[in-house]
> 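Handing you this structure, nothing more for now.
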Amino acid sequence: MAESTGVDRGIQSLIAARKSLKLSLEKSKAIGLALGKTGPRFEEIEQRLPLLEAAVRPIRADGEALKDVGGNINRAVGPAAAVLKVFDAVHGLEKSLLSDPKNDLSSYLSVLKRLEEALKFLGENCGLAIQWLEDIVEYLDDHHVADEKYLSNLKKSLRGLSEFHNDGGGVEEKERSQLRLDGGLRNAALDKLENEFRRLLKDNSVPLPMASPSSLGDQACIAPSQLPVTVIHKLQAILGRLRANNRLDKCISIYVEVRSSNVRASLQALDLDYLDISVSEFNDVQSIEGYIAQWGNHLEFAVKHLFEAEFKLCNDVFERLGLNVWMDCFSKIAAQAGMLAFLQFGKTVTDSKKDPIKLLKLLDIFTSLNKLRADFNRLFGGAACIEIQNFTRDLIKRIIDGAAEIFWELLVQVEIQKQTPPPSDGGVPRLVSFVTDYCNKLIGDKYKSTLTQVLLIHKSWRSERFQDNQLMVEVLRIIKAIEQNLDVWMKAYPDQTLAHFFGMNNHWHLYKNLKGTKIGDHLGDSWLKEHEQYKEYYATVFLRDSWGKLPSHLSREGLILFSGGHATARDLVKKRLKAFNDAFDEMYKKQASWVLPEKDLRDRVCQQIVQAIVPVYRSYMQNYGPLVEKDASSSKYVRYTVVALEKILSSLYMPKPMRYGSFKGTPPSEKLKNDVDLRRTTSAVV
């Protein structure tokens, strides 16, 4: 029993030893595995030991330096943290500023202002934060508190940041710096505002409805502002932000472009192509006088309605920016919209060749400009409109000089015509008909005051006096020169009958066309009566020496003696009828081309001729016509019936369709002295 018990104990000891050995082997194995894993960690630790050493190096630094470094770091980190916070806020505005301003312009402008304030803060504080960081790095370097390599990298970063922030000192450099700060967000927002400014203008700029050109002068009211008040307020708000960001010039450029285009669109309905006509494109002023009349109406409409409205609108939109800004803006609109084209047309007229009709057209242009003088001074009187002012002054000077030159040469031109031959038809020379009508116009209600004003100004420029009645005195001298020309021309006719016909014609023309006029009143009743008497005298002499001789060919002398001898009486009647017919035909042939342009005189003269001839011819044919009418050759002697004869005589002296000139006398291919071409037509002054 005792032996088996000892064996059992030995076995249990062996088992226990076996278990212990097994556990030891397992532990050894676990330790071996653990050691295998720990090897790389030791290598990693070994690699990081220099960094750890650098990290704990400040512990070996001076105690006072370590004590102060914390405060310095806090002072530097504070501004830097504020800057970073603002940067975050800037990026938070991006979504709002990249939206369309028209959806909520007020909110958009508010957000943009916040961006501007943030950028201003960054601009003012980035430099300060960088300076604080540079100071702390310098402190760490001086006191060897940080690792040299670390400090070197930090210095490099700060140096780059400093260069990034302080890129020059000019405006463009500052703008580039701010562009870097916000990544171009502000410029993108400003571009959107410019686009919104343009959209508001274009959507609300509508061409002014045009009335018919003939009724333009009836539109007396000044056009109101063409933009709603709410739109003007929006434009002003946008202008405020754009001006704050140096974008005012671009804004004005947009405004001028849109509004000048709108004015041009308004004027298109008036068909202003004639404004571009050049001197080489027309022969004389008369050929474009219709355009000159339109020009006055169109200019008045443009100034009083279109440019007046733009003037007021510029003031409304830009008033907060000062007088110089909105006046400069208006001047650009006026120039680009066509104001200079109106003035250029007037200059083109002044450059055309001289003639009397041009004087009237120059006075028309002067009247139009003078009528708008107050408007011109108010709208274009500022320094910004200096180009329009200079152009207008030059145009007025050209008008006054040109009109005065033509007027003072009129008398000379009339006297020159004395040397030309009188008209072969005995009619009223073109010079006479033109000058009488022309002079009546010069001192008529339409032109007298304007011409007086022009001559007065012209004299004053030369420091000469202009008498109140000087205009009328000069006109009367011209009329009296016409009288002298008539005397010379009458003496130039070799045929006295034609000379008397000419005298009758022209003295009646002067009497009729000057009686009851201002010229006639100044010449006096005795002068007019004298011309009427001359007309009567020459008419009497003309009839006596021409048609008055025909009835003598129808004498009845001797016919009573042959009352019983038809053959003898028939021969005598034939002879006298033939003599009458031959004289009549010769007279008619001679005077068929003569003219009496005044209908009342023509009717009266023809009636006198009929009364002098037809009754005698009728009586003669009634008494003696049967003697020859039965003859086989009667047609040789009875050429005219009484009715036919009366019709022929009643149709004498009819004026032929022709173009009446003003100062004709020189052939069409020649010019008058002083290079003044005065060959014009009366149609222009009728």
> Using 4.0 Å as the upper bound for N to carboxylate O, is an ion pair formed by Arg639 and Asp582?
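Answer for the salt bridge query: yes.
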> A side-chain contact here means heavy atoms from C-beta on lying under 4.5 Å apart; do Trp594 and Asn505 qualify?
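Not touching, per the 4.5 Å side-chain cut-off.
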> Give the minimum heavy-atom separation between Val610 and Ser650, together with the two atoms involved.
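In terms of heavy atoms, the two residues are closest at CG2-OG, 3.8 Å.
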> Looking only at non-hydrogen atoms, find the nearest pair between Pro655 and Arg602 and report the distance.
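Minimum heavy-atom separation between Pro655 and Arg602: CD-NH1, 3.4 Å.
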> Would you mind reporting whether Val605 and Trp547 have side-chain heavy atoms less than 4.5 Å apart?
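They are not in contact (no side-chain heavy atoms under 4.5 Å apart), so the answer is no.
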> Could you walk me through whether Leu577 and Tyr620 satisfy the side chain to side chain contact (heavy atoms under 4.5 Å, CB included) test, starting with their C-alpha distance in whole Å, then the side-chain angles of each, then the deciding distance to 0.1 Å, before giving a yes or no?
CA-CA 9 Å; Leu577 282 174; Tyr620 195 84; 4.0 Å; yes
> Around atom CG of Asn469, are there more than 12 heavy atoms from other residues, nucleotides or ligands closer than 6.0 Å?
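Result for CG/Asn469: enclosed.
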> Has Lys354 got its NZ or CZ under 6.0 Å from the middle of the six-membered ring of Trp408, at an angle within 45 degrees of the ring axis?
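No, a cation-pi geometry is absent between Lys354 and Trp408.
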> Going from OG on Ser331 to CD on Gln336, what distance comes out if it is rounded to the nearest 0.5 angstrom?
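If we round to the nearest 0.5 Å, Ser331:OG and Gln336:CD are 9.5 Å apart.
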> Given Arg604 and Asp600, is the salt bridge (charged side-chain N to carboxylate O under 4.0 Å, His left out) satisfied, shown in steps?
CA-CA 6 Å; Arg604 183 177 176 185; Asp600 53 352; over 6 Å; no
> What distance separates Ile288 CD1 from Tyr274 OH, expressed to the nearest 0.5 Å?
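Going from CD1 on Ile288 over to OH on Tyr274, the span is 10.5 Å.
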> Quick check: do Phe311 and Ile333 have side-chain heavy atoms less than 4.5 Å from each other?
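They are not in side-chain contact.
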> State, with a plain yes or no, whether a side-chain heavy atom of Glu310 is found less than 4.5 Å away from one of Leu306.
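Side-chain contact under 4.5 Å: no.
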> Would you check if the side chain of Gln389 reaches a backbone N or O of Phe380 as a donor-acceptor pair within less than 3.5 Å?
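Indeed, once roles are kept as given, a pair shorter than 3.5 Å links the two residues.
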> Please indicate whether Arg462 has more than 12 foreign heavy atoms, meaning atoms of other residues, nucleotides or ligands, lying under 6.0 Å from its CZ.
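No, the 6.0 Å shell around CZ holds no more than 12 heavy atoms from other groups.
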> Which residue, Phe502, Tyr534, Phe542, forms the ring-ring contact (aromatic ring centres under 6.0 Å, His included) with His507?
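In the set Phe502, Tyr534, Phe542, the residue that makes a ring-ring contact (aromatic ring centres under 6.0 Å, His included) with His507 is Tyr534.
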> Among Asp425, Leu431, Val432, exactly one meets side chain to side chain contact (heavy atoms under 4.5 Å, CB included) together with Val428. Which residue is that?
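That would be Val432.
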> To the nearest 0.5 angstrom, please state how far the CD1 atom of Ile443 sits from the OG1 atom of Thr517.
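Taking CD1 in Ile443 and OG1 in Thr517, the distance rounds to 6.5 Å.
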> Under 3.5 Å, is there a donor-acceptor pair between the side chain of Asn513 and the main chain of His509?
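Present.
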> Are more than 12 heavy atoms from other residues, nucleotides or ligands located less than 6.0 Å from atom NZ of Lys459?
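Counting neighbours around NZ of Lys459, more than 12 heavy atoms of other residues, nucleotides or ligands fall under 6.0 Å, so yes.
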> Donor-acceptor check, side chain of Ser352 to backbone of Val349, threshold 3.5 angstrom: yes or no?
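Yes; at least one donor-acceptor contact below 3.5 Å.
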> Report yes or no: does Gln344 contribute a side-chain atom to a donor-acceptor pair with the main-chain N or O of Asp276 at less than 3.5 Å?
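Absent.
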> NZ of Lys518 to CG of Asp521: how many Å apart, nearest 0.5 Å?
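So the NZ of Lys518 and the CG of Asp521 are separated by 9.5 Å.
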> Tell me if the NZ atom of Lys371 is crowded by more than 12 foreign heavy atoms within 6.0 Å.
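No.
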> Test Tyr291 against Thr348 for side chain to side chain contact (heavy atoms under 4.5 Å, CB included), laying out the working first.
CA-CA 12 Å; Tyr291 290 146; Thr348 300; over 6 Å; no
> Report the C-alpha distance between Lys361 and Asp364 in whole Å, list the side-chain angles of each, state the deciding distance to 0.1 Å, and finish with yes or no for salt bridge (charged side-chain N to carboxylate O under 4.0 Å, His left out).
CA-CA 5 Å; Lys361 299 303 108 180; Asp364 287 339; 3.0 Å; yes
> Under the criterion side-chain hydrogen bond (donor to acceptor under 3.5 Å, both in side chains), I'd like the reasoning laid out for Asn506 against Tyr538: C-alpha separation, chi angles, the key distance, then a yes or no.
CA-CA 10 Å; Asn506 285 273; Tyr538 289 124; over 6 Å; no
> Any non-hydrogen side-chain atom of Phe584 less than 4.5 Å from a side-chain atom of Leu645?
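SC-SC contact between Phe584 and Leu645 confirmed.
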> Salt-bridge test for Asp603 and Lys599: reply yes if a basic N is under 4.0 Å from a carboxylate O, no otherwise.
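Lys599 and Asp603: salt-bridged.
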> Could you walk me through whether Lys491 and Asp487 pass the salt bridge (charged side-chain N to carboxylate O under 4.0 Å, His left out) test, one step at a time?
CA-CA 6 Å; Lys491 295 175 183 178; Asp487 292 339; over 6 Å; no
> Do Phe580 and Tyr617 make the cut of ring centroids closer than 6.0 angstrom?
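For Phe580 and Tyr617, the ring centres are under 6.0 Å apart.
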> In sequence, state the C-alpha distance, the side-chain angles, and the governing distance for Glu474 and Arg477, and then conclude on salt bridge (charged side-chain N to carboxylate O under 4.0 Å, His left out).
CA-CA 5 Å; Glu474 188 68 15; Arg477 290 177 65 194; 3.2 Å; yes
> Could you check whether Phe501 and Tyr493 have their ring centres less than 6.0 Å apart?
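No, ring centres 6.0 Å or more apart.
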> Got Phe345 and Ile365 here, is their nearest side-chain heavy-atom distance under 4.5 Å?
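They are not in side-chain contact.
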> So, taking the atom named CG in Leu369 and the one named CZ in Phe376, what distance separates them when rounded to the nearest 0.5 Å?
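Answer rounded to 0.5 Å: 6.0 Å.
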> What pair of heavy atoms forms the shortest contact from Trp295 to Ser368, and how long is it?
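What the structure gives for the nearest pair is CZ3-CB, 3.8 Å.
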> Looking only at heavy atoms, what is the nearest atom pair of Leu360 and Tyr447, with distance?
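So the two residues come closest at O-CE2, 3.6 Å.
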> Show your working on side chain to side chain contact (heavy atoms under 4.5 Å, CB included) between Val303 and Phe342 and close with a plain yes or no.
CA-CA 11 Å; Val303 170; Phe342 277 104; over 6 Å; no
> Looking at every non-hydrogen atom in both residues, tell me the closest pair between Thr436 and Leu510 and how far apart they are.
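Reported closest heavy-atom pair: CG2-CD2, 3.5 Å.
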> Could you tell me if the side chain of Asn440 sits less than 4.5 Å from the side chain of Leu514, heavy atoms only?
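Yes, close enough: below the 4.5 Å cut-off.
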> Going by atom types alone, do Ser546 and Thr497 pair a side-chain donor with an acceptor below 3.5 Å?
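Distance-only check fails for Ser546 and Thr497.
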> To the closest 0.5 Å, what do you measure between NZ (Lys358) and CG (Asp355)?
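So the gap between those two atoms works out to 8.0 Å.
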> If you count every heavy atom of other residues, nucleotides or ligands that lies below 6.0 Å from Glu415 atom CD, does the total exceed 12?
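Above 12, so yes.
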> Grab the two heavy atoms, one from Ala337 and one from Leu267, that are nearest each other, plus how far apart they are.
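Minimum heavy-atom contact is O-CD1, 3.9 Å.
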> Begin with the C-alpha distance, continue with both residues' side-chain angles, and end with the deciding distance and a verdict on side chain to side chain contact (heavy atoms under 4.5 Å, CB included) for Arg544 and Val541.
CA-CA 5 Å; Arg544 182 195 66 193; Val541 175; 3.7 Å; yes
> Tell me whether Lys589 is salt-bridged to Glu586, with the criterion being a basic N under 4.0 Å from an acidic carboxylate O.
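Glu586 and Lys589: not salt-bridged.
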> Is it true that a side-chain atom of Thr452 and a backbone atom of Lys448 form a donor plus acceptor pair closer than 3.5 Å?
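Side chain of Thr452 to backbone of Lys448: a pair is present.
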> Less than 4.0 angstrom from a charged side-chain N to a carboxylate O is my criterion; do Arg398 and Asp394 meet it?
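Looking at Asp394 together with Arg398, the answer is yes, because their closest N to O distance falls below 4.0 Å.
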> Do Phe391 and Met339 come within less than 4.5 Å of each other through their side chains, counting heavy atoms only?
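No, every pair of side-chain atoms sits at 4.5 Å or beyond.
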> For Lys512, does the NZ atom have more than 12 heavy-atom neighbours from other residues, nucleotides or ligands under 6.0 Å away?
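Yes, because the 6.0 Å sphere around NZ of Lys512 holds more than 12 heavy atoms from other groups.
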> Using the ring of each side chain (for Trp, its six-membered ring), is His531 parallel, tilted or perpendicular to Trp527, with breaks at 30° and 60°?
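If you compare the ring of His531 with that of Trp527, the planes turn out tilted.
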